[in-house]
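Read the structure below first, then the notes.
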Amino acid sequence: MNNKAKFVRYAEMLREWSGRMNLVAPSTLANIETRHFADSAQLATVLPSDVPIVDLGSGAGFPGVVLAILGWRVTCIESIGKKVSFLTAVKQELGLDNLTIYHGRVENYVATLPRDRETIFTARAFAPLIKILDYVGKTNYRLFLLKGREIPAEISTAKRKYKFTYELIPSKTGDGFITIIKKGR
């Protein structure tokens, strides 16, 4: 199955499963390709290639599953069992051997990561920046986040507690930003 076919099947599965559980807002089901896939795929333009990625709070798989389809090795972290079942079904249906699903809490997974090696984290619609940094702050992190227009205020709040550098790149699919954050020294 080529990538185009994988995205078509992924959209079909989202529509099928969303009838049984709250995966995405019902209003976005008509334009999954733009609202979810293209939005998530923006990260492919800024992510380093050939690095493993940890996707925080993956939910329906954004951006983790999209990035796995595009070739990255991704670990999706999700604590809600129904969503883990969906992610597992997507992994199997699409043959994504480069996708790992972790059923558990973000803080438990992050506690297992080495502190000396850089870890690349992604997230979309997960948590405020300060909360994300509370989870990953003890690692050698680099964050690639899809955030809304409130991110400057979130950065200001987080700077009171954490040292980091950041870059904001305007989103091509909405009024938010690709937010790149690197741990400060």
Side-chain angles (χ1 to χ4, degrees), residues 23-25 35-68 70-81 83-84 87 98-185:
L23 288 172
V24 296
R35 179 68 184 96
H36 300 295
F37 295 168
D39 189 48
S40 296
Q42 291 182 91
L43 291 180
T45 65
V46 295
L47 278 167
S49 58
D50 199 33
V51 295
I53 294 167
V54 177
D55 187 40
L56 305 171
S58 297
F62 308 120
V65 170
V66 171
L67 294 171
L70 296 174
W72 273 267
R73 289 172 287 138
V74 180
T75 298
C76 285
I77 303 173
E78 180 53 55
S79 64
I80 298 172
K83 293 179 180 179
V84 169
L87 292 170
N98 57 330
L99 179 63
T100 301
I101 313 298
Y102 176 83
H103 182 189
R105 299 194 51 81
V106 166
E107 58 269 32
N108 295 339
Y109 182 86
V110 170
T112 69
L113 296 173
R115 304 278 188 234
D116 57 338
R117 191 172 68 231
E118 183 178 68
T119 302
I120 305 293
F121 294 98
T122 60
R124 177 177 180 255
F126 173 58
L129 178 59
I130 188 75
K131 185 78 169 164
I132 293 171
L133 289 170
D134 286 344
Y135 289 136
V136 306
K138 292 182 180 168
T139 69
N140 183 15
Y141 64 83
R142 195 156 25 141
L143 302 172
F144 292 83
L145 310 174
L146 294 162
K147 298 293 277 176
R149 61 182 174 264
E150 77 289 341
I151 190 59
E154 289 185 33
I155 288 170
S156 179
T157 299
K159 282 276 192 183
R160 293 184 204 130
K161 184 174 180 182
Y162 292 99
K163 291 182 181 179
F164 57 87
T165 59
Y166 69 93
E167 179 181 1
L168 297 177
I169 302 168
S171 172
K172 293 178 180 139
T173 63
D175 59 359
F177 296 91
I178 297 171
T179 305
I180 304 170
I181 295 182
K182 186 170 177 21
K183 184 174 189 167
R185 300 280 178 231

Can you measure from [atom1] ([X]) to [atom2] ([Y]) and round to the nearest 0.5 angstrom?
{"X": "Ile151", "Y": "Leu129", "atom1": "CD1", "atom2": "CG", "value": "5.0 Å"}
{"X": "Arg142", "Y": "Leu47", "atom1": "CZ", "atom2": "CG", "value": "8.5 Å"}
{"X": "Arg35", "Y": "Ser40", "atom1": "CZ", "atom2": "OG", "value": "9.0 Å"}
{"X": "Ile178", "Y": "Thr122", "atom1": "CD1", "atom2": "OG1", "value": "12.0 Å"}
{"X": "Leu87", "Y": "Leu99", "atom1": "CG", "atom2": "CG", "value": "7.0 Å"}
{"X": "Leu113", "Y": "Thr139", "atom1": "CG", "atom2": "OG1", "value": "6.5 Å"}

For the residue pair [X] and [Y], what are the closest heavy atoms and their distance?
{"X": "Cys76", "Y": "Ser58", "result": "CB-OG, 3.0 Å"}
{"X": "Phe177", "Y": "Asp175", "result": "CE1-O, 4.4 Å"}
{"X": "Ile80", "Y": "His103", "result": "C-NE2, 4.3 Å"}
{"X": "Pro63", "Y": "Leu43", "result": "CG-CD1, 3.6 Å"}
{"X": "Ser171", "Y": "Asp39", "result": "OG-OD1, 3.9 Å"}
{"X": "Val74", "Y": "Ala68", "result": "CG2-N, 3.8 Å"}

Before accepting this row, confirm whether a basic side-chain N of the pair [X]/[Y] lies closer than 4.0 Å to the acidic partner's carboxylate O.
{"X": "Asp134", "Y": "Lys161", "answer": "yes"}
{"X": "Glu78", "Y": "Lys83", "answer": "no"}
{"X": "Glu118", "Y": "Lys182", "answer": "yes"}

Could you walk me through whether Leu143 and Thr179 pass side chain to side chain contact (heavy atoms under 4.5 Å, CB included), step by step?
CA-CA 8 Å; Leu143 302 172; Thr179 305; over 6 Å; no
Does any part of the side chain of [Y], heavy atoms only, come nearer than 4.5 Å to the side chain of [X], both counted from C-beta?
{"X": "Ile120", "Y": "Trp72", "value": "no"}
{"X": "Ile155", "Y": "Tyr166", "value": "yes"}
{"X": "Lys163", "Y": "Lys183", "value": "no"}
{"X": "Thr119", "Y": "Tyr141", "value": "no"}

Can you tell me if OH on Tyr162 sees more than 12 non-hydrogen neighbours from other groups inside 6.0 Å?
yes
If you draw a 6.0 Å radius around CZ in Arg117, do more than 12 non-hydrogen atoms from other residues or ligands fall strictly inside?
no
Going by side-chain contact (heavy atoms from CB on, under 4.5 Å), name the residues that satisfy it together with Pro52, two or more places apart in sequence or in a different chain.
Arg73
side-chain contact (heavy atoms from CB on, under 4.5 Å) with Glu107: which residues, sequence neighbours excluded?
Arg105, Tyr135
So if I apply the side-chain contact (heavy atoms from CB on, under 4.5 Å) rule between Phe126 and each of Leu146, Ile77, Leu145, Ile132, which one comes out positive?
Ile132
For a side chain to side chain contact (heavy atoms under 4.5 Å, CB included) check, start with the C-alpha distance between Leu70 and Val66, then their side-chain angles and the critical distance, and finish with the verdict.
CA-CA 6 Å; Leu70 296 174; Val66 171; 4.2 Å; yes
Stepwise, does the side chain to side chain contact (heavy atoms under 4.5 Å, CB included) test hold for Leu67 with Asp55?
CA-CA 10 Å; Leu67 294 171; Asp55 187 40; over 6 Å; no
Describe, in one word, how the ring planes of Phe62 and Phe37 are oriented to each other, choosing from parallel (under 30°), tilted (30 to 60°) and perpendicular (over 60°).
tilted
Pairs flagged by side chain to side chain donor-acceptor pair (under 3.5 Å) wherever residues 150-160 is involved - sequence neighbours left out:
Lys147-Glu154
Show, in sequence, the C-alpha distance, side-chain angles and deciding distance for Thr45 and Ile169, and conclude whether the side chain to side chain contact (heavy atoms under 4.5 Å, CB included) test is met.
CA-CA 11 Å; Thr45 65; Ile169 302 168; over 6 Å; no
Side chains of Tyr102 and Asn108: any donor to acceptor distance under 3.5 Å?
no
